[in-house]
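Read through the structure below, which is laid out as structure tokens, and then see the notes.
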Protein chains: 2
Amino acid sequence: MGRVGTPQRRDTRQRRAVLGALTNYEAFRSAQDIHAAVRSGGEAVGLATVYRSLQLLADAGEVDVLRDDSGELLYRRCADRGHHHHVVCRSCGTAVEVKSDAVGRWATTVAEEHGFTEVEHWVEVFGTCAKCARHTS
Amino acid sequence: MGRVGTPQRRDTRQRRAVLGALTNYEAFRSAQDIHAAVRSGGEAVGLATVYRSLQLLADAGEVDVLRDDSGELLYRRCADRGHHHHVVCRSCGTAVEVKSDAVGRWATTVAEEHGFTEVEHWVEVFGTCAKCARHTS
DNA sequence: TTATCTGCAAACATTTTGCAGCGAG
DNA sequence: CTCGCTGCAAAATGTTTGCAGATAA
């Protein structure tokens with residue numbers, strides 16, 4: 001009879017490196033950017049391992065994930081582990097965490113009015129942050 | 001001196017076929033699904049042409065685009081040409097158009113409070129539609 | 001006639017996966 | 001000693017693009 005349930009998680013040098021790169025970093029970044037950051041920090045970690053670690057962290061709710069316009073996945077470790085949204089800078093990825101029960105309630109209500117169940121909502125706000133506005137103008 | 005501005009749009013059999021497949025179809029579908037639908041309707045159209053047509057239609061605001069969980073782009077022709085959101089069925093793609101000035105105002109306000117400009121928001125609601133809930137249960 | 005469109009195949013970019021060896025527990 | 005993890009390279013996926021010929025206007 002096969003093993004069920006979540007396998008043990010091991011504490012490896014590579015996973016510590018990925019988590020380290022995410023900690024206290026305010027911008028959403030792609031897996032490739034994070035990989036580059038880890039490497040330039042002196043740690044040798046394979047790209048596939050970075051992808052696998054990020055997936056694990058995302059599944060565990062340790063990091064937030066969103067897609068940019070081009071469809072690339074971006075990752076960031078947020079202070080708030082609960083449900084929240086982001087205001088993300090289109091140009092540098094910097095993000096601010098935002099809470100709003102109102103939006104969630106609106107989504108659920110509207111969906112249920114149309115006969116939908118198991119309602120989930122996805123809200124992201126994009127803009128140009130103050131710093132990037134200064135550089136660009 | 002080179003030509004500037006939008007090139008002429010030609011009315012071809014292929015584009016009519018793609019637009020036809022989108023007209024009065026309530027679900028969001030991938031380019032590949034739409035391609036299959038066009039073909040099974042008896043029209044010979046290349047996949048690349050379908051992609052190009054959809055891009056053109058999307059740029060013109062004639063069709064709405066969103067990404068599903070897997071990152072695939074889905075297309076649908078909506079009645080409302082203005083800004084609106086969708087409640088989309090996770091399982092069949094059927095979508096209901098929803099208007100909400102409140103959500104837009106909330107997004108803009110919150111973003112500006114944090115110093116962001118050129119604010120844009122992205123809101124989609126996912127759920128299981130009544131029909132699919134019946135089939136699955 | 002001529003600029004745009006089409007089809008095909010090749011190119012792309014991101015992400016996933018198979019596998020053999022490594023290493024945490 | 002085991003079973004999960006890693007690195008690499010190969011595969012998979014969805015989408016885009018170059019080019020030569022077809023075709024609206």
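Here the structure is a predicted model, which is why all the values come from computation and not from measurement. Throughout, a chain's letter reflects where its sequence line sits, starting with A, and its residues are numbered from 1.
- Side-chain nitrogen and oxygen atoms of A/Gln32 include at least one within less than 4.0 Å of the OP1 or OP2 phosphate oxygen of C/dT14.
- In this structure, the CG atom of B/Leu54 is 15 Å from the P atom of C/dC5, given to the nearest Å.
- Taking the side chain of A/Ala31 as heavy atoms from C-beta on, and the options D/dG7, C/dG7, C/dT15, the nearest nucleotide is C/dT15.
- Which of C/dT15, C/dT16, D/dA25 sits closest to the side chain of A/Leu47 comes down to C/dT15.
- The residue among B/Arg9 and B/Ser70 whose nearest nucleotide of DNA chain D lies closer to the 5′ end is B/Ser70.
- Between A/Thr12 and D/dT6, a side-chain N or O to OP1/OP2 separation shorter than 4.0 Å is present.
- At D/dG7, one or more side-chain N or O atoms of A/Thr49 fall inside 4.0 Å of OP1 or OP2 (strictly under the cut-off).
- Proximity note for A/Arg39 (side chain, C-beta onward) versus C/dC8, D/dC8, C/dG7: the nearest is D/dC8.
- Applying salt bridge (charged side-chain N to carboxylate O under 4.0 Å, His left out) to B/Arg76 and the options B/Glu62, B/Glu97, B/Glu26, B/Glu124 leaves one that passes, B/Glu97.
- We find that CG of A/Asp69 is positioned 15 Å from C1' of D/dT15, with the value rounded to whole Å.
- Of the candidate nucleotides C/dT2, C/dT15, D/dC5, C/dT15 has the atom lying nearest to any side-chain atom of A/Leu73.
- Across every non-hydrogen atom of A/Trp106 and B/Val98, the tightest pair is CZ2-CG1, 3.7 Å.
- Distance, B/Asp33 CG to D/dT13 C1': 14 Å, rounded to whole Å.
- For A/Arg13 and C/dG23, the shortest distance from a side-chain N or O to OP1 or OP2 is not below 4.0 Å.
- For the pair B/Asp59 CG and D/dT16 C1', the interatomic distance rounds to 14 Å; values are reported in whole Å.
- A/Gln14 has no side-chain polar atom (N or O) that falls below the 4.0 Å cut-off from OP1 or OP2 of C/dG23.
- Computed from coordinates, the A/Arg67 CZ to C/dA13 C1' distance equals 13 Å when rounded to whole Å.
- In this structure, the CG atom of B/Asp68 is 14 Å from the C1' atom of D/dT15, given to the nearest Å.
- Residues B/Val119 and A/Phe126 do not share a hydrophobic cluster, defined by chaining ILVMFWY side chains whose heavy atoms lie under 4.5 Å apart.
- Contact annotation: A/Tyr51 reaches the phosphate of C/dT15 (side-chain N/O to OP1 or OP2, under 4.0 Å).
- The residue among B/Glu72 and B/Arg10 whose nearest nucleotide of DNA chain D lies closer to the 5′ end is B/Glu72.
- For A/Gln55 and D/dT6, the CD to P distance is 13 Å, given to the nearest whole Å.
- A/Arg52 comes within 4.0 angstrom of a base, heavy atoms only.
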